[in-house]
Structures are given as C-alpha cells and as structure tokens.
S.K.: 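I'd like to ask some things about the structure below.
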Amino acid sequence: MELSKHYEPAGTESKWYAHWLANHYFNSFPDGRPPFTVVIPPPNVTGVLHMGHTLNETVQDILVRRARMKGFNACWVPGSDHASIATEARVVAMLKEKGIDKNSISREKFLEYAFEWKEKYGTIIYDQIARLGCSVDWNRTTFTMDEHYYKAVIKVFVELFKKKMIYRGARMIHWDPAARTALSDEEVEYREVEGTLYYIRYQVEDSPEFITIATQRPETIMGDTAVCVHPDDPKYIHLLGKRIIVPLIHRSVPLITDEYIDMSFGTGALKVTPAHDINDYNLGLKHSLAVIDTLNEDGTLSQAAEIFIGMDRFEARKKVVEKLREAGLLLKEEPYSTRLGFSQRSHAVVEPRISTQWFVKMKPLAVPALDAVLSGNIRIHPAEKFLATYKYWLENVKDWCISRQLWWGQRIPAWYDAKGNFVVAENESLALEAYQDHYGLLAVHDELTQDEDVLDTWFSSWLWPIEVFRGITNPGNADLRYYYPASVLVTGQDIIFFWVARMIMAGLEFQHQIPFPDVYFTGMVRDKQGRKMSKSLGNSPDLLQLIDKYGADAVRFGIMIAAPAGNDLLFDEAGLEQGRNFNNKLWNALKLVRIWGSRLDQSGNKISEQDPGIFAMEWFDNRFSQAKTEVDRLFGEFKISEALKSLYSLFWDDFCSWYLEWVKPGFEQLMNPRIYDKTISFFEDLLLWLHPFTPFVTEEIYHLLRERKPGDDLCMKQLVTEISYNQSVLDVGEKLRLFLTVGREFRQQQQLKNSEAIISLIIPKEIFGEGKSLYEVIRKQLNCTKIEFKDGSYTNEPGIQVVPFHSYQIGFESPKKRDDSKIKEELEKELAYFQGFLESLNKKLSNERFVQNAKPDVIDLERKKKSDTEEKIAAILRTLKA
RNA sequence: GGGAGCAUAGCUCAGCUGGUUCAGAGCAUCUGCCUUACAAGCAGAGGGUCCGCGGUUCGAACCCGUGUGCUCCCACCA
C-alpha cells in the first residue's frame, strides 16, 4: 500500500473515534482494577468549547488515556451544566425574536421552550469533545438538570435547611437589573470605568448655607436619608445638629457624623443612600436611617423616587444632572475613574439592593474544606500560586446567596401560606404535612404556593463529583463506592471559588470524604498578544475549524506544548503547526521503516556483535528508559507540557535523527531482520508513550507498522515503565562522573594534607585507553592531588580512580557524511574542553578557603544527564579505531 | 488599601539542594541544501549585563535585602 506524502488526519480521526466507541473502550464498569476517575468540569449547555475548554479537556484526556494504559479502570464522566442565568438569557432572547415576551407565558411553557432549546443546542459541546478525541464514557453523560440531579439538589437543600445551614433573610445583595435576579458576590466582576464625580450643593435647612457632597450617582439622591460628615471635621463642625434639604425632592434629612468618613475625599461630606450602596446601608443600620428604595427590579426609577418614575437609571442620571444644573446646584463635575461591578452573566452594571433571599451559612462548611487542603489531603497544583488564595477566601468567606429570580433551574422547595409562613420540604405533599405539623391546618381558601425562585447554578455544580455517580439520590451505591473520590480534578483557575472550593465543601459535608486528592489548575488561554479571548476582539478561534485545518492531534499538541501548569497560555497557531509537523514526522518514520520491511536480509547471516547497529540499539534502549523515568516523574508533578517536550525530543532527535540514521542500511543494502524487529518495537513503544497526547495518529501508525487488524488497538495497550535498567547500560547513562572529595573531617580521616584532596573521575575507557594525552592532562592539572587508588583494576597510576566504562557507540552525523578531518577537529575541541574544565577544578583546589570551608565533605559534581560531549568523544574514538 | 506570583535569547518558557548540563530548549531569524522517510525536511549560524542596586559566600541566574516594571486575586472611599 502506497502511503501519502503527508499525514492526513481527517479520515483517520473519524475512523478511529468511531472504532473506539464501537468497541466500548471508554465505557467503564466497576471491576477488580484500581479506578481512575475524572469528572469533566461541565461546560455551559449554551456554549461552544473555547480554547480554555480545549486545554482542560486535552489535559484530562491525556491523564485518562495514560491511566487506562497504565492498567487503571479509567472512567471519565462527561456532562454539561444548565447555567441558569446564561441559558435563561439566551432562551428569553430566542423567544423575543419569535415575538414572545417571557412575562406573557407561563413558567411551564417557558421551561418547555428552554428544554427544547437545550435539546437543539446542548449537544454542540459534546460533538466538539468527541472531535477532540476525548475518551469519555458517553453512557455516563450527566446534565445538571437531569431528573435525578434535580432531586439531588432539592434533597441537599432540604437537608441543609434542616441543619439550619440555609436561611432566608433580607440582605443587601448584588442585583442584576438585566436578568432581574440576585447574584452571589462571586458572580460580580469589577472593571475600571471612566466616570464623573458630581459635586452637588445641598441646602442646610433654615439657613442660607449649603453643604456640598460629591457623588458618582446623582440619580440616587432621591433615596438619600442623611448626609454624613466626620465628627472632627472643622469645615462642618458648626452645622452639627442641623438638617439638610435633599435637592429636587426637597426632603429634609439629618446631618449625621461617623468616623467612617474620609475628610480628605471630595468635600468630606457624604450623601447617605442606604438602599443603593452597601456602605451606606451599613451606615443606615448603625444610625437607624430610613431606607428608600428608588429603583425597580429592572433598573428603572420607582414610585419612591418621586421624579422620573419609570425612567432607566442611566437616563435618569442625565436628567437629574440637567435639573441640578438648571437649579444652580451642580457645583462642578470632574472625571473620575472607578471600579464598577458587572454581572458575570448578563454584563449589566449590578445594583446593590436590599431583598429577601436564601443564603447558605458558609463558616461551618469552610472550616473542614480549608483543613483538607492545609493538611495536604488535597493537593493544589501549582500550590505556590493558588494555596494562599484558597486559604484567604475560606478564612474570610461570606454567606452564599443561592436564590435566583429565574425559572431555569432547580426551584426552591419552600412553600408559603398567605400569611408568609413557610416550610421547606422535598415536594408539595411533604410540604403540606410539614406545614400542618408546624402551623396546624391550612386555613380554608388558603393554599401553599411554592417559592418562585430557582437555585444558583453552582448550588447544583458543587454536587457534581458525587451525583454523577448518583451519590446523593442513591447513597452508597456500587458506582459511588468504586469511583468516588475522583482521582484528579482539572479545571480553570477562574472557578476556584465558584466551584472547586464548594465541591470540597460538598464532598466533605455530604459524602464525608474529599472529592479528589489533586486539583490541577490550568491557566487562562489568551491570544498571542496576551489579551483575553473574546468574541468582540475576534481573537477566539473556532475549535472545529482548527481541527479541520491541522487535525485534532495537532491542536492537542499545540495547546499542550505551550501550557505550563497554572500559567496563562498564549495561544499561537504556530504551536499547532509544530504539532502538525510532528505528526508528519511520525508518519514519515513509518514510511521509512516500511521500506526497510520490504527489503529485509533473508540470508540468515548472523549479525556481528561489533555491528554499529547493536550499539545503537543498546544506546537507544537506555536512552528510552531514561526518558520514561523522566516522563513518569513529570507526570507525577503534573508537568504535562514538560513531559510532552521530553517525548517530542526523544522521538525527533534521539529516535529519528540519531537512532534511525545509525541503523539505516547503506545504499542498496538490505536491512538486518534483528535490527528491524527491534526498531519496530522501539517505534511501537514510542507510539504507546505518545498516544495519550496524540491518540489518532499514533493509533493509525501502530496499525500500519505491522499491518495489525482493528481490535488489536493501541489505546488499550499496556504502557509500562521498566523499573530496572540494564546495569551495564546504566553506566552509559551516567556518562561522566566526577567526585571531588575535600573537607576538613574527611581529610583528617584520610590523613591528607591541607593542600590535598581526592578526585575520582569516572570516564569512558575509550578516552583513557586511547588518549594517554588526556590522562597526562589530568595529571598535570591536578598536581596537588594525592594518590588514592582503590580500584586497581585498570591502571597503576595513582591519584585518579578510573573505572572501566561500558563501551557504546553513537552516530553524531549520518555515516555517509563522515569527514575525518572534521572529526579530529572535534576531538581537539573536546580535549580543550576537558582541559578548561580541569583547570577550573585546579583553581578551586588551590583556593585555600575553598578547601578549608567547603561543606559537605563530598562535593558531587555528577553530571546527571546526557551530554553530547561524552557521546561525541566515544563516537569519535570508535570511528577512528575502526 | 491587603495579599500572591512573575521578571533568563526577538517570542514562550526550562533551569531541582548555590559549584561544568550553567547560561539552556522550542518557536522565530539568517545561511546553505528538492541528499534515495520527511522542504510539514536536513546541515549550520547568529542572538542573553539571567530587570537595576546592595548583601551573604571561596563561589550567586539560584539565598537575603532593596528599587523598578508587569500580572493576578481579594476588599470596594462617596
């Protein structure tokens, strides 16, 4: 079969994904293996996957596929979130287009439309997850408004209410006038905005004097119920006890004093509007001020405002300013930059508002959740970035406003009578029972009506790791016992409070167990100029288009290679290109070995043990083992992009550029079968390690390498890290070791003079054997060194301990290009390098203070990793010998 | 206002317990190659006061102090 010039992902990807699904590889059932559980952070059902999701999903799939190949029973639960405000807004907009006003239809009808909408658009994200190659168990797909899930949320609400951890009360909350609902503190985003500070003159009652206040919000003056100054402010001391007239509406309000006032800000006088500012509200409570709410829930002015009734708040601001100017009460306006709160969901400017809402008491939940992290039961990665943030939030947590004035969501299970008495119960009949137990028989002509509000989306999301396994509705079931807690949570750092902290609370509260031992935070995906991805900037690429252009593997590669844990990622298509090129490199390596496979040496001649190919295999075997250990370590530290870089270089540089070039048969020569077989198994093993990162291309190549049949699939193969190296080869891996032994204690022990030390040098025997000159160099440079000879196996020359080093061979250039004059040059360079090295060593030893003070006694200058230098020397020497 | 993190090549970042892996990688750039797996490639090259200043040390990209500049989180002075 003729293979194409380039790797072509399109057909391959759909073929293999369908194949994997058909074989149920991703469906998990409890069995005897250890589980590896991941629950997807459910994307909003309204949405499409953006690059942030792509990163998260890729990381999760890498972990899940790797775990599956490591022998775990991997279970990745997909799903989506009903996202109450965002979705409701979309449905309302959709209805509006159809000419339907939400307020004109019933709740039931609206929900019908909403579910219809969800059925239609809610699967887009699932298609995208599939295109990306995610190995999720589709049978376990969960939606936060599924019937069981709905029940779970209600059950938890009732339970917490019974524990007195949920209460209803009037508080100042953040109000979203566009969505007409309360918001939690976390749902408000602050942004710097250029505003205007207005200086307004308030007349002092029964006096010609004026007092000037500064405000950004002149439209709220109709809600003023006091003016406040600092008690020690000399500017106003003569006015204490007077009353002040609020302009335009001519209301008389007291002049109060409070230490809270900053005398230096503005004029030092503050208008107090308890209904529309949190600080004013607190002042109002302290000084028992009246509260006049001058806004309706949609942000228009209410009856209480007396003027401009029904006008939008921003329109009213202009009008009020105009009126004040006309009346000569506007002293000045100055530009002022301030931070305004915006609704995370509707992007409207939020309004502080007093209203009756439901709250969760957070303190009792926060204490164990904090402890779980501080004690190390839950590890946050990267810790240095998020641990302090997590701690601070939990230590200062405020009660959680969970009611939303919406229809799309779990309806609050509270029932009220006509007088406002209420009970909380899981359904209406239970509510009636509870009511009668509590309040006696329901009055004739009265009936219980359910609370109109629904619960915050996060009040359902926090149950996710439990309820995806029916842990709330069916406690203690087999799935839950097997899969809970999840193995790791991978999510964006932006929802650490919304979701992560609350899941930990819920896990501990309802399941009495942490929901996951590790949390891996991915950073924000930005464009390559560092800007946030947003629709308005047009810098948010379409995932499916990217997959069409580069292939899913390349997208995964490109986003992963650039994503250090917890760091923001600057998205650049160049990374995807690199991924595509890498996939192509794999493809071309396949083409090469297939050519070899068709030109095998069938003569049965045994290969010489001195054949360069033998050394090459030994070398690569060892190199690969090193890399495996390295990759395992990196995964352990959640340094996934590092792991990918490591494998990338292993394949491209070590396997393709070095190994394959070295074993490549000469022109018109046949391939040795033994080397060929080993090469194929190296290649397969490489594919195994790369598969979690780029599943499609590796699966395809795996099958083409040995003409495997479908069913013998890479994604279900075992990925094993050898624990022990071949010892003789291990020495090769260690390359050059040098021990410099100094220090007072040791010297005394060894009866050495101050100027003496012991050097142990372990170098390749080729260097020693061939290059007497090098040995001379060493001796000359280290003339202060006492002879200490322990091994004796190789030389009688004292002073330096030389241990025979296993020989190995390495190609440093493709054989046909070998140029002996160049090699000699190289060799001289390397010798010079050694000389310089030894010189610096000698300098150290002649430094009396170094020898005196150096601690610890043994300084190990071990070179830990492969160094081209030694490899090249060995290769050079071998070549020269030959 | 409080807290956290970061500053290393043009860009994105590695660099562990201070010492030859010590100044690295990938991308980008430049030069030369359509060489029989791969131009989505190969061979090579250039490029850095490791943010400034001080300190500790025999020795600092690394530890301490300080200044500067970025980023994020929290709190929200009208």
Side-chain angles (χ1 to χ4, degrees), chain A residues 3 5-7 185 188 190 197-198 213-217 228 260-262 264-273 277-280 336 338-341 382 384-393 396 493-494 496-497 523-524 528 530 550 554 561-564 566-570 572 574-575 577-596 639 641-642 645-646 648-649 656-657 660 664 667-668 735-736 738 740 813-814 816-817 833-834 836-837 840-841 843-844 847-854 856 859-869:
Chain A
L3 295 182
K5 186 168 163 60
H6 297 307
Y7 170 63
D185 295 347
V188 179
Y190 290 90
L197 196 57
Y198 300 92
I213 59 93
T215 181
Q216 295 178 63
R217 304 201 54 195
C228 189
Y260 158 80
I261 300 296
D262 176 359
S264 61
F265 187 91
T267 61
L270 169 73
K271 74 187 206 57
V272 186
T273 322
D277 184 280
I278 181 69
N279 298 299
D280 292 15
Y336 184 71
T338 185
R339 283 166 68 80
L340 273 189
E384 68 272 18
K385 269 205 156 107
F386 302 110
L387 193 59
T389 313
Y390 180 85
K391 184 165 175 257
Y392 184 87
W393 189 76
N396 298 282
Q493 55 182 276
D494 50 330
I496 182 169
F497 307 132
M524 289 251 300
K528 68 175 166 189
Y550 296 100
I561 198 91
N567 270 13
D568 284 356
L569 174 156
L570 305 190
D572 188 347
E577 224 168 282
Q578 195 187 346
R580 184 199 57 186
N581 296 353
F582 181 60
N583 295 335
N584 200 45
K585 189 75 180 175
L586 291 166
W587 184 251
N588 278 297
L590 164 73
K591 277 166 43 182
L592 178 65
V593 298
R594 275 168 64 104
I595 292 169
W596 293 351
K639 293 185 174 171
S641 66
E642 295 289 313
K645 281 177 190 171
S646 187
Y648 174 80
S649 149
C656 291
S657 300
L660 288 183
K664 192 187 239 173
F667 196 55
E668 304 215 323
K735 311 299 181 220
L736 180 144
L738 183 145
L740 177 57
E813 263 187 63
S814 91
K816 63 194 165 195
K817 291 202 173 161
Y833 168 86
F834 263 92
F837 168 63
S840 76
L841 204 65
K843 223 186 272 171
K844 266 180 195 145
N847 180 337
E848 187 68 16
R849 295 190 67 181
F850 171 72
V851 177
Q852 285 288 340
N853 303 328
I859 294 183
D860 187 350
L861 302 178
E862 178 182 355
R863 305 180 70 176
K864 289 172 190 153
K865 271 168 73 178
K866 157 189 141 178
S867 154
D868 284 348
T869 306

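All figures in this text were calculated on a predicted structure; none of them were measured in a lab. Chain naming here is simple, since letters A, B, ... match the order of the sequence lines and numbering starts at 1 in each. Only heavy atoms go into these numbers, but all of them, side chains included; no hydrogens, no water, no symmetry mates.
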S.K.: Among B:rA40, B:rG5, B:rA78, find the nucleotide with the atom closest to the side chain of A:K385.
M.R.: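 Between B:rA40, B:rG5, B:rA78, the one nearest the side chain of A:K385 would be B:rG5.
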
S.K.: I want to verify a distance call: between B:rA40, B:rG26, B:rC74, whose nearest atom is closest to the A:F497 side chain?
M.R.: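 Closest nucleotide among those given: B:rC74.
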
S.K.: A:F265 has a side chain; which of B:rA40, B:rA78, B:rA4 sits nearest to it?
M.R.: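 Nearest listed nucleotide: B:rA78.
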
S.K.: Under 3.5 Å for both pairing distances: what stems, at least three Watson-Crick or G-U pairs long, include RNA chain B?
M.R.: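 Output for stems: B:1-7 with B:68-74, B:10-13 with B:24-27, B:29-33 with B:41-45, B:51-55 with B:63-67.
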
S.K.: Just checking A:Y190: base, sugar-phosphate only, or nothing, at a heavy-atom cut-off of under 4.0 Å?
M.R.: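 Base: the residue A:Y190, judged by heavy atoms under 4.0 Å, touches a nucleobase.
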
S.K.: Nearest 0.5 Å, please: how far is OH in A:Y7 from CG in A:N581?
M.R.: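 The OH atom of A:Y7 is 13.5 Å from CG of A:N581, to the nearest 0.5 Å.
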
S.K.: Does A:I496 form a side chain to side chain contact (heavy atoms under 4.5 Å, CB included) with A:Y390? I'd like the steps, not just the answer.
M.R.: CA-CA 7 Å; A:I496 182 169; A:Y390 180 85; 4.2 Å; yes

S.K.: Taking B:rC51 as the reference, what is the distance to B:rA45 when you measure between their C1' atoms (whole Å, please)?
M.R.: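 28 Å, rounded to whole Å.
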
S.K.: What distance, rounded to whole Å, do you find between the two C1' atoms, one in B:rC50 and one in B:rC6?
M.R.: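 Result for the C1' pair: 14 Å, nearest Å.
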
S.K.: Using heavy atoms to find the nearest nucleotide of RNA chain B for A:L592 and A:Y648 separately, return the residue whose nucleotide is more 5′.
M.R.: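 Looking at RNA chain B, the more 5' nearest nucleotide goes with A:Y648.
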
S.K.: Expressed as a whole number of Å, how far does the P atom of B:rU66 sit from that of B:rG2?
M.R.: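 That atom pair is separated by 15 Å.
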
S.K.: State, to 0.1 Å, how close A:K271 and A:T273 come at their nearest heavy-atom pair, and which atoms those are.
M.R.: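 Minimum heavy-atom separation between A:K271 and A:T273: NZ-OG1, 2.9 Å.
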
S.K.: Would you classify A:E642 as touching base, sugar-phosphate or nothing, given that sugar-phosphate means primed atoms plus P, OP1 and OP2, and contacts are heavy atoms under 4.0 Å?
M.R.: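 Contact class for A:E642: sugar-phosphate only.
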
S.K.: Could you give the CG-to-P distance, from A:D572 to B:rC11, as a whole number of Å?
M.R.: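 Going from A:D572 (CG) to B:rC11 (P), I get 13 Å.
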
S.K.: Can you measure A:L387 atom CG to B:rG3 atom P for me and round it to whole angstrom units?
M.R.: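 The distance from CG of A:L387 to P of B:rG3 comes to 17 Å, rounded to the nearest Å.
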
S.K.: Expressed as a whole number of angstroms, how long is the span from A:Q493:CD to B:rC73:P?
M.R.: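 Going from A:Q493 (CD) to B:rC73 (P), I get 8 Å.
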
S.K.: How would you label the contact of A:K391 with the nucleic acid (heavy atoms, under 4.0 Å): base, sugar-phosphate, or nothing?
M.R.: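 Contact class for A:K391: none.
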
S.K.: Could you give the distance separating B:rA61 and B:rG18 at their P atoms, to the nearest angstrom?
M.R.: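 Rounded to whole Å, the distance is 13 Å.
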
S.K.: Distance check, C1' atoms only: B:rU71 and B:rC63, in whole angstrom units.
M.R.: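 Straight-line distance between the two C1' atoms is 25 Å.
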
S.K.: Under 4.0 angstrom, heavy atoms only, what part of the nucleic acid is A:Y392 near: base, sugar-phosphate, or nothing?
M.R.: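 Sugar-phosphate, backbone atoms only, no base.
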
S.K.: Does A:K664 form a side chain to side chain contact (heavy atoms under 4.5 Å, CB included) with A:W596? I'd like the steps, not just the answer.
M.R.: CA-CA 9 Å; A:K664 192 187 239 173; A:W596 293 351; 3.8 Å; yes

S.K.: State whether A:Y390 places a side-chain N or O below 4.0 Å from either non-bridging phosphate oxygen (OP1 or OP2) of B:rC74.
M.R.: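 No, because none of the side-chain N or O atoms of A:Y390 sits under 4.0 Å from OP1 or OP2 of B:rC74.
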
S.K.: By the 4.0 Å heavy-atom rule, please label A:D568 as base, sugar-phosphate, or nothing.
M.R.: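 The answer is sugar-phosphate, as A:D568 gets under 4.0 Å only of primed atoms, P, OP1 or OP2.
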
S.K.: Taking the side chain from A:N584 and the backbone from A:R580, do they hold a donor-acceptor pair closer than 3.5 Å?
M.R.: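 Flag not set: sc A:N584 to bb A:R580 has no pair under 3.5 Å.
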
S.K.: Using a 4.0 Å heavy-atom cut-off across all strands, classify A:L270 as base, sugar-phosphate, or nothing.
M.R.: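 Base contact.
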
S.K.: Taking any heavy-atom pair under 4.0 Å as a contact, classify A:T338: base, sugar-phosphate, or nothing.
M.R.: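 Touches sugar-phosphate only.
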
S.K.: To the side chain of A:L570, which of B:rA37, B:rC74, B:rU12 is closest?
M.R.: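 Among the listed nucleotides, the one closest to the side chain of A:L570 is B:rU12.
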
S.K.: Take atom OH of A:Y550 and atom P of B:rA40, then tell me their distance rounded to the nearest Å.
M.R.: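 In whole Å, B:rA40 P and A:Y550 OH are 13 Å from each other.
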
S.K.: So A:K5, base contact, sugar-phosphate only, or nothing? Heavy-atom distance under 4.0 Å.
M.R.: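 Since only primed, P, OP1 and OP2 atoms lie under 4.0 Å of A:K5, the category is sugar-phosphate.
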
S.K.: Carefully, step by step, assess A:D568 and A:Q493 under the rule side chain to side chain contact (heavy atoms under 4.5 Å, CB included).
M.R.: CA-CA 10 Å; A:D568 284 356; A:Q493 55 182 276; 3.8 Å; yes

S.K.: Looking for any heavy atom pair under 4.0 Å, which part of the strands does A:N279 touch: base, sugar-phosphate only, or nothing?
M.R.: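 Sugar-phosphate contact only - A:N279 comes under 4.0 Å of backbone atoms but never of a base.
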
S.K.: When the C1' atoms of B:rC62 and B:rU17 are considered, how many whole Å apart are they?
M.R.: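 Comparing C1' positions in B:rC62 and B:rU17 gives a spacing of 11 Å.
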
S.K.: Kindly indicate, with the supporting measurements, whether the criterion side chain to side chain contact (heavy atoms under 4.5 Å, CB included) is fulfilled by A:D280 and A:L270.
M.R.: CA-CA 9 Å; A:D280 292 15; A:L270 169 73; 4.1 Å; yes

S.K.: Between A:A563 and A:L569, which heavy-atom pair has the shortest distance, and what is it?
M.R.: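 Closest approach of A:A563 to A:L569, heavy atoms only: CB-CD1, 3.2 Å.
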
S.K.: Measure the distance from CZ on A:F582 to C1' on B:rG41 and round it to the nearest whole Å.
M.R.: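 These atoms are roughly 15 Å apart.
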
S.K.: Please classify the nucleic acid contact of A:Y336 as base, sugar-phosphate, or nothing, using heavy-atom distances under 4.0 Å.
M.R.: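 Here A:Y336 touches the backbone only, sparing every base.
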
S.K.: Nearest whole angstrom, please: distance from the C1' of B:rC73 to the CZ of A:F386.
M.R.: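 The answer, rounded to whole Å, is 10 Å.
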
S.K.: Can you figure out which of B:rC27, B:rA78, B:rA37 approaches the side chain of A:Q578 most closely?
M.R.: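 The answer is B:rC27.
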
S.K.: Heavy-atom nearest nucleotide on RNA chain B for A:D262 versus A:K645: which residue maps closer to 5'?
M.R.: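 Its nucleotide being nearer the 5' end, the pick is A:K645.
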
S.K.: Tell me what A:A562 touches on the nucleic acid: a base, only sugar-phosphate, or nothing, going by heavy atoms under 4.0 Å.
M.R.: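 Nothing, no nucleic acid heavy atom in range.
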
S.K.: How would you label the contact of A:G579 with the nucleic acid (heavy atoms, under 4.0 Å): base, sugar-phosphate, or nothing?
M.R.: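 Nothing: the residue A:G579, judged by heavy atoms under 4.0 Å, touches no strand.
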
S.K.: When the P atoms of B:rU57 and B:rG67 are considered, how many whole Å apart are they?
M.R.: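 23 Å, rounded to whole Å.
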
S.K.: Can you name the closest pair of heavy atoms from A:A214 and A:T267 and give their distance?
M.R.: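 So the minimum-distance heavy-atom pair works out to N-OG1, 4.2 Å.
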
S.K.: Just the rounded figure in Å: distance from P of B:rC38 to CG of A:L590.
M.R.: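 Taking atom P of B:rC38 as the reference, CG of A:L590 is at 13 Å.
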
S.K.: Among the candidates B:rG15, B:rC77, B:rA40, find the nucleotide nearest to the side-chain atoms of A:K639.
M.R.: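 Of the options given, the side chain of A:K639 lies nearest B:rG15.
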
S.K.: With side chains defined as the heavy atoms from C-beta onward, is the minimum distance between A:K591 and A:N588 less than 4.5 Å?
M.R.: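 SC-SC contact between A:K591 and A:N588 confirmed.
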
S.K.: Going by heavy atoms in the side chains, are A:L3 and A:W587 under 4.5 Å from each other?
M.R.: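 Of all side-chain heavy-atom pairs linking A:W587 with A:L3, at least one is under 4.5 Å.
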
S.K.: Could you measure between the two P atoms, the one in B:rC58 and the one in B:rC74, and give it in whole Å?
M.R.: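 Rounded to whole Å, the distance is 46 Å.
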
S.K.: Give the rounded distance in Å between these two atoms: CZ of A:R339 and C1' of B:rG2.
M.R.: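 Atom-to-atom, A:R339 to B:rG2, this comes out as 13 Å.
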
S.K.: Quick one: does A:K585 reach the base of B:rC38 with a side-chain donor-acceptor pair under 3.5 Å?
M.R.: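 Checked by distance alone, the answer is yes.
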
